[in-house]
Amino acid sequence: MTTQFITLEINLQETPAQLLQAIETQLRLSGEPLRWAITSVDFLRQKAIVEAVVIS
């Protein structure tokens, strides 16, 4: 079992629920998320930057 710090760029979604689902889906591709946070939002590019710690 290894912990990793990862950063993701997620497209902004129409609703907060859709954004949450998109984040969780992308995190699961890297492992089991321990914690995560949206650290910034780029409105011009329509991207949310997510930083997370996952176990793989």
Side-chain angles (χ1 to χ4, degrees):
M1 207 178 324
T2 305
T3 58
Q4 295 178 332
F5 178 81
I6 61 171
T7 302
L8 303 171
E9 282 191 3
I10 306 292
N11 291 328
L12 293 179
Q13 305 294 316
E14 293 292 320
T15 66
Q18 289 173 330
L19 180 59
L20 176 60
Q21 183 176 8
I23 292 169
E24 289 175 343
T25 300
Q26 288 298 312
L27 286 174
R28 295 257 179 224
L29 295 176
S30 297
E32 179 70 29
L34 292 177
R35 63 184 177 121
W36 61 270
I38 297 173
T39 57
S40 65
V41 174
D42 185 338
F43 287 106
L44 294 177
R45 293 179 38 225
Q46 292 293 295
K47 300 278 185 180
I49 309 304
V50 177
E51 294 180 354
V53 175
V54 297
I55 294 176
S56 57

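This is a predicted model, so every value here is computed, not measured. The figures that follow rest on heavy atoms only: side chains count, while hydrogens, waters and symmetry mates do not.
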Handout entry: For Thr15, side-chain contact (heavy atoms from CB on, under 4.5 Å) partners two or more places apart
Key = Ala17, Gln18

Fill in the blank from the handout: Contacts of Ser40 meeting side-chain contact (heavy atoms from CB on, under 4.5 Å) (sequence neighbours excluded), chain-then-number -> Ile49

Practice task
Any salt bridge (charged side-chain N to carboxylate O under 4.0 Å, His left out) involving residues 17-28? Give me the pairs, sequence neighbours left out, ordered by first then second residue.
Solution key: Arg28-Glu32

Please give me the minimum heavy-atom distance between [X] and [Y], naming the atom from each residue.
X	Y	result
Leu19	Asn11	CD1-O, 3.9 Å
Ser56	Ser30	CB-O, 3.7 Å
Ala48	Ile38	CB-CG2, 4.3 Å
Val54	Ile6	CG1-CD1, 4.0 Å

Gap separating the [atom1] atom of [X] from the [atom2] atom of [Y], nearest 0.5 angstrom:
X	Y	atom1	atom2	result
Lys47	Leu12	NZ	CG	9.0 Å
Gln26	Gln21	CD	CD	11.5 Å
Ile55	Gln4	CD1	CD	10.5 Å

Fill in the blank from the handout: Excluding Leu29, membership of its hydrophobic cluster (Ile, Leu, Val, Met, Phe, Trp, Tyr; side-chain heavy atoms within less than 4.5 Å) reads none

Practice task
Could you pull out all residues at least two apart from Glu51 that satisfy salt bridge (charged side-chain N to carboxylate O under 4.0 Å, His left out)?
Solution key: none

Completion exercise
By salt bridge (charged side-chain N to carboxylate O under 4.0 Å, His left out), Arg45 pairs with (sequence neighbours left out) Glu9, Asp42

Practice task
Evaluate whether atom CZ of Phe43 has more than 12 neighbouring non-hydrogen atoms of other residues, nucleotides or ligands under 6.0 angstrom away.
Solution key: no

Problem - Connected via hydrophobic side-chain network under 4.5 Å: Ile10 and Val41 - result: yes

Handout entry: Any Ile23 side-chain heavy atom under 4.5 Å of Leu8 side chain
Key = no

